[in-house]
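Reckoned from all heavy atoms, side chains included, excluding hydrogens, waters and symmetry mates.
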Amino acid sequence: VFSTKIQGIFNKLRKKGLLSKDDVTATMRELRVALLEADVNFKVAKEFIGKISEKAVGVEILKSLNPAQHVIKIVKDELVEVLGGDIPQVRIESVKSILMLGLQGCGKTTTSAKLAYKMIQRKRHPLLVGADPYRPAAKEQLQILGKKISVPVFIDGKTAIETLNGSLEYAKEHKCDCIIVDSAGRLHVDNELMDELKVLKQRLNPEECLLIVDGMTGQEAVNIASTFEKEIGISGVILTKLDGDARGGAALSIKMVTGKPIKFMGVGENIEQLEPFYPDRMAQRILG
Amino acid sequence: FFKFFAKDESVWDEVEEAFINTDVGIETALRIIDELRNSSIKPEGLRIALKEKISSILGTQGFCLNFPSNMPAIFLFIGVNGSGKTTTIGKLAFKLKNEGKSVLIAAADTYRAAAIPQLEEWARRCGVEILKQQEGADPGAVAYDALDAAIARNIDVVLIDTAGRLHTKHHLVREMKKIREICEKKIPGAPHEILLVLDAVSGQNGLIQAQNFLESVGISGIVLTKLDGTAKGGIIISIADKLKLPVKLIGVGEGLEDIGEFNPVEFVEALFE
Ligand SMILES: Nc1nc2c(ncn2[C@@H]2O[C@H](COP(=O)(O)OP(=O)(O)OP(=O)(O)O)[C@@H](O)[C@H]2O)c(=O)[nH]1
Ligand SMILES: Nc1nc2c(ncn2[C@@H]2O[C@H](COP(=O)(O)OP(=O)(O)OP(=O)(O)O)[C@@H](O)[C@H]2O)c(=O)[nH]1
Ligand SMILES: [Mg+2]
Ligand SMILES: [Mg+2]
């Protein structure tokens with residue numbers, strides 16, 4: 001565990017007034033291992049450590065802390081700052097359109113229903129749209145989830161764009177106040193499906209374009225997120241399956257490289273298991 | 001990837017970065033680098049040495065599926081949510097059928113929304129029979145029925161689909177143990193394969209999943225899916241290194257034919273592309 005290792009390093013050094021360059025270098029080596037084990041991207045870890053090293057050398061150790069505690073505090077504070085800052089939340093009470101996108105199996109369909117559930121709790125009238133025409137029983141899956149929470153699910157149409165067009169009509173007729181579009185899982189390098197996504201986004205012009213990412217994603221998180229951001233444009237990220245023990249370093253990688261905020265965390269298979277993203281909790285988790 | 005420019009000490013930094021980029025993980029990467037540094041490798045021979053090192057970790061055997069003689073082969077598929085279990089079963093059923101085997105698919109994911117219809121569609125696509133019960137049924141009961149039917153009808157292979165589960169959920173791990181025990185009692189030696197289905201995009205948690213499931217349920221091999229993406233799946237090198245678990249199948253797409261046997265030589269070559 002990072003904090004135990006850092007404590008170990010500083011136990012060898014006695015009381016010091018300022019953090020020396022050597023203190024910091026030793027600590028940064030441990031930090032790098034912790035970040036890489038947590039799936040933070042190699043280049044992102046390097047950049048993050050560069051930032052910390054600059055901030056840490058010469059720092060006056062707070063009277064209330066020992067050197068190790070102070071370094072840990074600097075690291076944690078910086079992590080929280082990078083991960084969070086001022087996070088623009090998804091305005092559940094007022095958002096009118098959401099497009100869900102991401103790789104295969106990351107949790108788009110389940111998370112679409114979770115978002116609809118949050119709206120139902122605020123007495124809104126969302127419409128779930130099953131715009132995945134490829135995956136066997138994808139539409140049925142969304143229908144079952146929608147039925148559980150009494151949210152209408154629109155699935156007519158042979159292609160994704162047909163379904164989207166039909167759903168816009170339906171939403172108007174039935175006075176739905178938010179349309180949540182579930183899309184098919186796709187590789188960021190599948191040109192045809194990326195083009196489909198561009199068409200969907202253009203037609204819907206969503207207020208929120210959310211990239212759904214599996215919490216255990218490794219080094220490729222950077223490539224995946226930056227490709228979706230560059231090709232499609234996203235407003236935020238939802239990290240899923242964080243009820244497991246994946247450290248979630250992908251969060252830091254994605255935030256640092258795209259600058260896009262992580263807005264929610266999926267913490268289970270049940271419909272109410274979607275939590276707001278807490279930077280300090282994530283920072284603690286990444287450090288291990 | 002792995003393009004060495006440095007002819008000095010800094011080449012090792014390049015190697016480390018290349019390893020980490022594939023999700024091999026820092027511990028295994030540093031260990032491999034240490035061993036190579038201590039052998040007197042010249043920079044020109046480094047690429048070959050790395051390939052040989054990784055190949056020796058992956059091993060030369062255990063990549064084939066284990067088919068027992070004189071009884072139905074029982075293959076149990078496990079893995080975390082969304083890794084590709086259901087789709088892999090569809091593809092494998094098709095492959096085995098084309099190889100002349102009779103196949104029965106068991107729909108033992110009785111939990112997730114539309115899990116059974118999803119598997120039913122795959123069974124329909126490959127013309128293979130599926131055994132299912134109602135949603136919410138006991139997965140162990142489905143497995144039992146499937147083994148029963150396989151014995152009665154002299155079926156060659158049973159592929160058991162299960163619900164996605166995180167290794168941290170104890171009640172779900174217990175459920176999997178129970179499914180395994182039911183198979184063992186019904187057919188001695190079953191399941192002949194317990195395959196951990198792992199997404200190639202997984203980071204270090206893939207190793208933790210493998211360690212956990214190996215310990216709690218037993219794993220005989222790995223299915224590495226979504227290799228058609230940009231992730232290299234290097235985590236299986238750490239898994240081979242630490243747990244000696246072989247990869248038996250790879251998934252390379254969402255179509256019925258997008259499955260292949262694991263070829264360690266091709267895998268190592270792909271790492272270096
Ligand atoms: N434990 C856990 N499981 C989750 C979470 N979110 C989704 N899942 C599960 O992950 C699996 C995949 O979820 P889906 O919603 O089907 O994923 P998807 O992105 O729509 O998949 P495709 O449409 O095939 O790309 C299912 O078994 C879900 O129940 C989560 O936060 N925690
Ligand atoms: N590109 C690609 N997609 C794949 C591959 N294998 C599976 N998928 C996709 O990944 C998604 C999830 O696949 P499933 O078979 O539902 O995964 P699962 O493990 O059964 O999921 P749960 O039962 O919910 O835990 C689907 O969209 C599949 O089409 C593969 O090799 N390549
Ligand atoms: Mg889906
Ligand atoms: Mg499944």
Side-chain angles (χ1 to χ4, degrees), chain A residues 32-43 45-46 103-110 113 134-148 184-190 213-224 227 240-241 243-250 268-269, chain B residues 16-27 29-30 80-87 90 111-122 124-125 135 163-169 199-209 212 225-226 228-235 251 253-254:
Chain A
R32 197 173 87 99
V33 171
L35 293 179
L36 292 178
E37 281 179 345
D39 291 323
V40 175
N41 179 271
F42 189 91
K43 286 201 167 68
K46 208 171 185 177
L103 258 48
Q104 290 87 346
C106 60
K108 298 173 293 301
T109 303
T110 308
Y134 312 111
R135 170 173 156 152
K139 293 187 175 188
E140 192 166 343
Q141 182 186 6
L142 194 60
Q143 280 183 312
I144 292 172
L145 295 174
K147 191 147 180 279
K148 270 201 193 142
R186 72 203 63 223
L187 296 176
H188 50 299
V189 291
D190 183 327
V213 178
D214 194 317
M216 58 146 198
T217 303
Q219 296 290 308
E220 277 303 294
V222 163
N223 188 6
I224 295 163
T227 305
T240 61
K241 307 179 201 170
D243 43 316
D245 55 4
R247 298 263 291 273
E269 293 193 77
Chain B
E16 184 188 69
E17 179 168 1
F19 265 131
I20 302 288
N21 285 342
T22 69
D23 288 308
V24 163
I26 183 111
E27 201 185 310
L30 290 180
V80 302
N81 308 72
S83 59
K85 300 175 289 299
T86 304
T87 306
Y111 169 73
R112 206 208 67 211
I116 296 172
Q118 181 188 9
L119 193 56
E120 280 184 293
E121 171 59 17
W122 279 110
R124 191 196 62 79
R125 284 182 188 185
E135 190 178 309
R165 69 201 63 219
L166 298 182
H167 50 283
T168 48
K169 308 238 158 130
D199 190 327
V201 98
S202 315
Q204 298 311 299
N205 200 253
L207 174 61
I208 298 179
Q209 289 168 31
N212 270 264
T225 61
K226 308 179 201 171
D228 46 317
T230 53
K232 303 275 186 169
I235 193 66
E254 301 189 75

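In this structure, chain B has a heavy atom under 4.5 Å from the side chain of A:Asn223, while its backbone stays farther away. If you measure heavy-atom distances from A:Asp243 to chain B, the contacts under 4.5 Å come from both the backbone and the side chain. Contact annotation for A:Ile224: only side-chain heavy atoms (C-beta onward) come within less than 4.5 Å of a heavy atom of chain B.
Annotation: maximal heavy-atom pairing with chain A below 4.5 Å, among B:Asp228, B:Thr168, B:Thr86, B:Ile20, occurs at B:Ile20. Residue with the most contacts toward chain A among B:Gly206, B:Gly90, B:Ser202: B:Ser202 (heavy-atom pairs, distance under 4.5 Å). For chain B, the option among A:Ile144, A:Leu142, A:Asp245 with the highest count of heavy-atom pairs below 4.5 Å is A:Asp245. Chain B forms the most heavy-atom pairs under 4.5 Å with one residue out of A:Gln143, A:Arg135, A:Glu140, A:His188, and that residue is A:Arg135.
Side-chain atoms of A:Thr217 come within 3.5 Å of backbone atoms of A:Asp214 as a donor-acceptor pair (strictly under, hydrogens ignored). A donor-acceptor distance shorter than 3.5 angstrom exists from the side chain of B:Lys85 to the backbone of B:Val80, with no hydrogens or angles considered. The main-chain N or O of A:Leu103 is found under 3.5 Å from a side-chain atom of A:Lys108 such that the two form a donor-acceptor pair.
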Throw together a table of side-chain donor-acceptor distances under 3.5 angstrom for residues 32-40 of chain A, partners on residues two or more places apart or in other chains.
residue	atom	partner	partner atom	Å
A:Arg32	NH1	B:Glu16	OE1	3.4
A:Arg32	NH2	B:Glu16	OE1	2.6
A:Arg32	NH2	B:Glu16	OE2	3.2
A:Asp39	OD1	B:Gln204	N	2.8
A:Asp39	OD2	B:Gln204	N	3.4

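Taking the side chain to side chain donor-acceptor pair (under 3.5 Å) definition, one finds that A:Lys43 meets it with B:Glu17, sequence neighbours left out.
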message: Assess the residue pair A:Glu220 and B:Lys232 against the criterion (side-chain contact (heavy atoms from CB on, under 4.5 Å)); give the C-alpha distance rounded to whole Å, side-chain angles, the decisive distance to 0.1 Å, and a yes or no.
response: CA-CA 9 Å; A:Glu220 277 303 294; B:Lys232 303 275 186 169; over 6 Å; no
